[in-house]
J.: 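If you scroll down you'll find the structure; I have some questions about it.
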There are 2 protein chains.
Amino acid sequence: MGGAASIKDVARAAGVSVGTVSNVINRPETVGEGTRARVRAAIEQLGYVRDESARQLRSGSSRIIGLLVLDLGNPFFVSLARGAEQAARAAGLGVMVCNSAQQLADEADYLALFAEQRVRGVLLTPADAEGSGAAALRRSGVPFVLVDRLAAGLEACSVSVDDVGGGALAAGHLLESGHRRIAFAGGRHRLQQVADRRRGALQALAGRDAVLLDLEVDGLDVAAGRDAGARLLGMSPRPTAAFCANDLLALGMLQAAFAAGLRVPEDLAIVGYDDIEFAAAAAVPLTSVRQPAEAMGRTAAEMLAEETGPGGAAHRHRQVVFEPELVVRRSTSVVPLPG
Amino acid sequence: MGGAASIKDVARAAGVSVGTVSNVINRPETVGEGTRARVRAAIEQLGYVRDESARQLRSGSSRIIGLLVLDLGNPFFVSLARGAEQAARAAGLGVMVCNSAQQLADEADYLALFAEQRVRGVLLTPADAEGSGAAALRRSGVPFVLVDRLAAGLEACSVSVDDVGGGALAAGHLLESGHRRIAFAGGRHRLQQVADRRRGALQALAGRDAVLLDLEVDGLDVAAGRDAGARLLGMSPRPTAAFCANDLLALGMLQAAFAAGLRVPEDLAIVGYDDIEFAAAAAVPLTSVRQPAEAMGRTAAEMLAEETGPGGAAHRHRQVVFEPELVVRRSTSVVPLPG
DNA sequence: CCGTCGGGATGAAACGATTCAGATCGTGGG
DNA sequence: CCCACGATCTGAATCGTTTCATCCCGACGG
């Protein structure tokens with residue numbers, strides 16, 4: 001193997017011109033039967049694989065889309081990525097998954113990488129509320145879909161969930177269960193999703209003689225949840241329930257509660273957010289607000305494929321908003337549920 | 001923006017030749033100070049971004065590596081990917097993460113995608129024991145590193161963990177804790193990692209008057225663990241301990257045990273494998289066999305960068321084997337550990 | 001027998017960057 | 001005053017593919 005075989009080698013081996021080989025690959029119906037077979041045999045025999053960079057250079061369009069998620073360590077985003085990958089494959093596209101880890105600098109780096117690669121488009125879960133990533137994309141003219149965040153105005157498509165409504169669902173459920181002192185693990189986080197969930201909770205509690213106590217966190221992972229849980233245990237009077245901005249925090253808090261000998265939900269009720277698989281699998285299954293992660297990823301990829309595919313000129317930006325759904329499990333219900 | 005600006009546009013705007021622009025970008029020290037500034041200004045002003053596909057076509061080498069993992073739903077592989085991404089970035093490379101979901105067909109599809117993209121190299125966690133993926137890579141001449149699997153012979157670099165040793169650690173620990181009837185959730189799985197862990201367990205139990213009972217699973221996730229747990233509960237006499245091929249299975253089994261009212265570890269001791277973050281965060285923290293996932297990913301990417309970088313001709317394939325480490329937690333220790 | 005038609009095949013231009021052999025120019029040594 | 005030299009810059013060739021204007025040729029209608 002002295003370097004991969006090119007289309008020229010195939011042409012020579014099959015005794016035809018390069019144009020014909022290209023036709024066999026891209027428009028086989030325009031090529032005579034015998035020639036087609038000969039070319040196919042040559043391709044097979046030489047192990048020829050089309051060089052995508054040359055194709056892209058000439059045709060001007062790439063076959064991969066970039067997906068930049070906030071945190072690959074969160075199964076919610078993994079599900080989202082899986083959905084996107086699935087839809088992309090159905091559209092003949094590949095996905096390049098990258099992890100911004102909520103760092104603006106990393107986000108910018110990866111967007112630059114995507115720009116150099118001339119990706120077909122980008123699915124972005126923005127790392128800040130201001131939308132600097134989206135602004136950069138718009139400036140460079142790369143089509144993009146905002147994921148897990150509503151696009152302001154009509155600048156782009158977006159796929160999101162009603163986080164305010166989700167927060168209200170969670171807080172409303174705790175309220176109905178009799179709780180009046182409720183902690184919110186997430187505090188005044190700079191992520192808009194967290195702020196919206198908090199706002200929804202406040203709305204649900206307004207005028208109901210109940211109070212929401214902010215627990216600041218310095219991350220949205222299990223360790224931060226443990227830490228927040230430890231702080232919650234020190235509060236007095238202690239909240240009787242906690243609403244966590246995501247399930248990772250909730251799992252950490254659950255662990256902190258167990259470590260301190262508290263019973264869940266009797267001594268502390270816990271509601272998470274996302275309904276990741278591990279929420280149901282926890283020893284005390286977590287009540288959580290479900291987001292349709294896979295559907296979100298799938299929808300986003302489909303919209304991008306539509307926008308950047310043939311006929312994309314007629315594309316109108318759309319905002320798809322999914323409704324969250326409360327899934328009640330043991331962590332908030334003293335009386336065991338059926339099943 | 002009528003299409004992105006090319007190097008030619010920059011050259012025109014700066015009043016120099018394209019060669020000079022290229023030099024400003026790639027060998028700035030060879031260009032006069034004034035010219036350099038003028039070109040830089042033009043680049044800035046036009047928002048020029050180098051087209052990677054053209055660069056790659058001419059230079060022949062890509063700046064991205066492909067990473068194909070068995071299961072992105074398993075945090076172990078997410079950590080591994082994170083480590084790889086980190087090392088790749090340090091080497092100026094991008095990573096394209098894909099998920100074979102243990103399906104040979106998907107593995108082949110993604111490897112074909114990588115081949116078309118002419119990726120710099122591939123990090124592969126093989127989906128079968130026979131190594132058909134590796135064979136395909138060798139045939140197409142793409143450099144690759146086997147991850148989480150020892151490379152037979154000297155065909156390639158590999159980064160793996162001593163799974164036989166890890167299995168022995170887990171079983172040995174259960175043996176020391178007094179268990180004699182031990183279930184193995186994983187059964188005779190086609191994945192080599194699972195088979196090796198089972199073999200290690202058998203070795204540890206050999207001649208010790210203990211028995212290993214296979215529990216077949218049709219997946220390596222939480223749901224499969226729940227299922228295996230349900231079956232375990234029906235066995236009689238019931239095993240007093242279970243060794244699970246990974247932590248997801250263990251978490252599922254833990255949940256099944258709780259659902260049936262069993263106490264862990266008093267009625268059933270459980271050992272997992274991988275030591276993912278959720279293992280420690282479970283309500284009954286899981287004893288597990290730790291694998292250094294991030295270090296594995298990092299090492300693999302570094303080896304690939306070395307092999308495919310300048311001076312790669314002198315590269316000799318190496319097999320790096322990490323040692324697993326037993327992490328004992330509540331799920332196997334009746335007497336609570338300090339801390 | 002001629003003109004046309006159309007299926008099949010051809011060959012060269014074009015995409016955007018890199019690279020390298022040369023051109024240009026100011027300078028200092030001889 | 002001439003020449004070699006280094007520093008700088010130029011222009012064209014090149015990478016592998018797609019695309020399109022042509023060309024070839026046998027068949028068919030007139």
J.: Between the main-chain N or O of Ala127(A) and the side-chain N or O of Arg190(A), is there a donor-acceptor pair closer than 3.5 Å?
T.: yes
J.: Nearest whole angstrom, please: distance from the P of dG16(D) to the CD of Glu116(B).
T.: 16 Å
J.: CD1 of Ile25(A) versus P of dT19(D): gap in Å, rounded?
T.: 12 Å
J.: So what does Ser59(A) hit on the nucleic acid, given a heavy-atom distance under 4.0 Å: a base, only sugar-phosphate, or nothing?
T.: nothing
J.: From CD of Gln56(A) over to P of dT18(D), roughly how many Å is that when rounded to an integer?
T.: 12 Å
J.: If you only use heavy atoms from C-beta on, which nucleotide in dA17(C), dT18(D), dT17(D) is closest to the side chain of Ile7(B)?
T.: dA17(C)
J.: Between dG16(C) atom P and Gln117(A) atom CD, what is the distance in whole Å?
T.: 17 Å
J.: Run the side-chain contact (heavy atoms from CB on, under 4.5 Å) test on Phe144(B) and Leu111(B) for me, step by step, so that the C-alpha distance in whole Å, both residues' side-chain angles and the decisive distance to 0.1 Å come before the verdict.
T.: CA-CA 11 Å; Phe144(B) 66 101; Leu111(B) 291 180; over 6 Å; no
J.: Looking at dC9(D), dT17(D), dA17(C), which one has an atom nearest to any side-chain atom of Thr35(B)?
T.: dC9(D)
J.: Give the nucleotide from the list dA17(C), dG11(D), dT17(D) with an atom nearest to the side chain of Asp51(A).
T.: dT17(D)
J.: Val16(A) near the nucleic acid: base, sugar-phosphate alone, or nothing, with a heavy-atom cut-off under 4.0 Å?
T.: sugar-phosphate
J.: Counting side-chain heavy atoms from CB outward, which of dG16(C), dT19(D), dG16(D) is closest to Asn23(A)?
T.: dT19(D)
J.: Looking across every strand, which nucleic acid part, if any, lies under 4.0 Å from Arg118(B) by heavy atom: base, sugar-phosphate, or nothing?
T.: nothing
J.: Closest to the Val18(B) side chain: dT18(C), dT17(D), dC15(C)?
T.: dT18(C)
J.: Checking all strands, does Val31(B) fall into the base, sugar-phosphate, or nothing category for heavy-atom contacts under 4.0 angstrom?
T.: sugar-phosphate
J.: Any salt bridge between Glu52(B) and Arg63(B), counting N to O under 4.0 Å?
T.: no
J.: Going by atom types only, do Ser158(B) and Gln319(B) share a side-chain donor-acceptor pair under 3.5 Å?
T.: yes
J.: Is Gly32(A) touching bases, backbone alone, or none of the nucleic acid, heavy atoms closer than 4.0 Å?
T.: sugar-phosphate
J.: How close or far is atom C1' of dC15(D) from atom CD of Glu52(A), stated in whole angstroms?
T.: 15 Å
J.: So what does Thr20(A) hit on the nucleic acid, given a heavy-atom distance under 4.0 Å: a base, only sugar-phosphate, or nothing?
T.: base
J.: Can you confirm whether Pro126(B) sits close enough to Leu146(B) that some side-chain heavy atom of one is under 4.5 Å from a side-chain heavy atom of the other?
T.: yes
J.: How many Å lie between NZ on Lys8(A) and P on dT17(D), as a whole number?
T.: 9 Å
J.: Quick one: is Ser22(A) getting a side-chain N or O under 4.0 Å of the dT18(D) phosphate, OP1 or OP2?
T.: yes
J.: Applying a 4.0 Å non-hydrogen cut-off, can you work out what Arg27(B) is touching in the nucleic acid: base, sugar-phosphate, or nothing?
T.: sugar-phosphate
J.: Please compare Leu57(B) and Arg38(B) by the position of their nearest nucleotide in DNA chain D and report the one closer to 5'.
T.: Arg38(B)
J.: If the plane angle is over 60° it's perpendicular, under 30° parallel, otherwise tilted; pick one for Tyr110(A) and Phe114(A).
T.: tilted
J.: Looking at the base of dT17(D), is there any donor atom on it, or on the side chain of Arg58(A), that sits under 3.5 Å from an acceptor on the other one?
T.: no
J.: Specify the separation, in whole Å, of atom CG of Asn26(B) and atom P of dG16(C).
T.: 17 Å
